[in-house]
Amino acid sequence: MDSEGLARLDRRIAGCRACPRLVAWREEVARTKRAAFADRTYWGRPVPGFGPPDARLVIIGLAPAAHGGNRTGRMFTGDRSGDVLYQALYDVGLASQPTSEDADDGLELYGVRVTAPVHCAPPANKPTPAERDACRPWLVQELRLLRPTVRAAVVLGAFGWQAALPAFAEAGWTVPRPRPVFGHGAHVELDAADGPPLGLHGCFHVSQRNTFTGKLTPEMLRDVLRTAATQAGLRPAK
Ligand code: SF4
């Protein structure tokens, strides 16, 4: 476990200004705010991953939300997507509480790290391919630091899947060709020449568009989390 390395990486990510469009957007949102949060100080910077440095399971989303992670400074914290994700993690015994409202709320994750292939909130939740590629080295470094312990990954949504596959390859796992196709419940084993394999699991994103329409139900999400956590050597609750 390299907790110092990961903490150092998180600090470096939080200072990144590589994408001019995203720097401008995240800072403008932090200045103008949403009326409901007018009295809050927004984070307005890149949002690092959240969770212990010896995580056995990594969950990879898309990017922070403008008034969620970009406001609170913690992944999936302070927005509806996060409500769904952390409730499910709590339900399967991988989080200390079902809510995730701000960075000081005491939430702990058990053996799980939550991160994203793009660390800054993008306009309309849509990073450009160039922004996705610019941010990949951060994910590669995070995965390399987690490699001694991480044994499974849940990727939320097709964007995250496409963005994460090359990062897994650069971090030392072998990604099959042709590349595995994203789908809810998709499962691929990524071998590594110099270490244990990684179980890769696809899951629909926890966006409101999916959860409000029933495309992703809490039960579907819990099932994927349980399967991946069990493969990772964690002991999820039934
Ligand atoms: S999206 Fe990633 S690479 Fe671009 S500014 Fe944010 S942290 Fe840096």
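Worth knowing before you read on, the calculation uses all heavy atoms, side chains too, and leaves out hydrogens, waters and symmetry mates. Both counts, for ligands and for their atoms, begin at 1 and track the order of listing. Quantities reported herein were computed from a predicted structural model and do not represent experimental measurements.
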### Query
What residues form a ring-ring contact (aromatic ring centres under 6.0 Å, His included) with Tyr110, not counting sequence neighbours?
none
### Task
Only counting residues at least two apart or in another chain, list the ones meeting salt bridge (Lys or Arg N to Asp or Glu O under 4.0 Å) with Asp194.
Arg147
### Message
I'd like to check Arg222 versus Leu225 (side-chain heavy atoms, cut-off strictly below 4.5 Å). Are they in contact?
### Response
no
### Task
Sort by chain and number the protein N/O/S atoms that are closer than 2.8 Å to atom 4 (Fe) of ligand 1, and list them.
Cys19 SG
### Task
Name the orientation class of the two ring planes belonging to Tyr86 and Phe76 (parallel below 30°, tilted from 30 to 60°, perpendicular beyond 60°).
perpendicular
### Members sharing Val29's hydrophobic cluster (side chains within less than 4.5 Å)
Trp25, Phe37, Tyr42
### Query
Does CZ belonging to Arg136 count more than 12 external heavy atoms closer than 6.0 Å?
yes
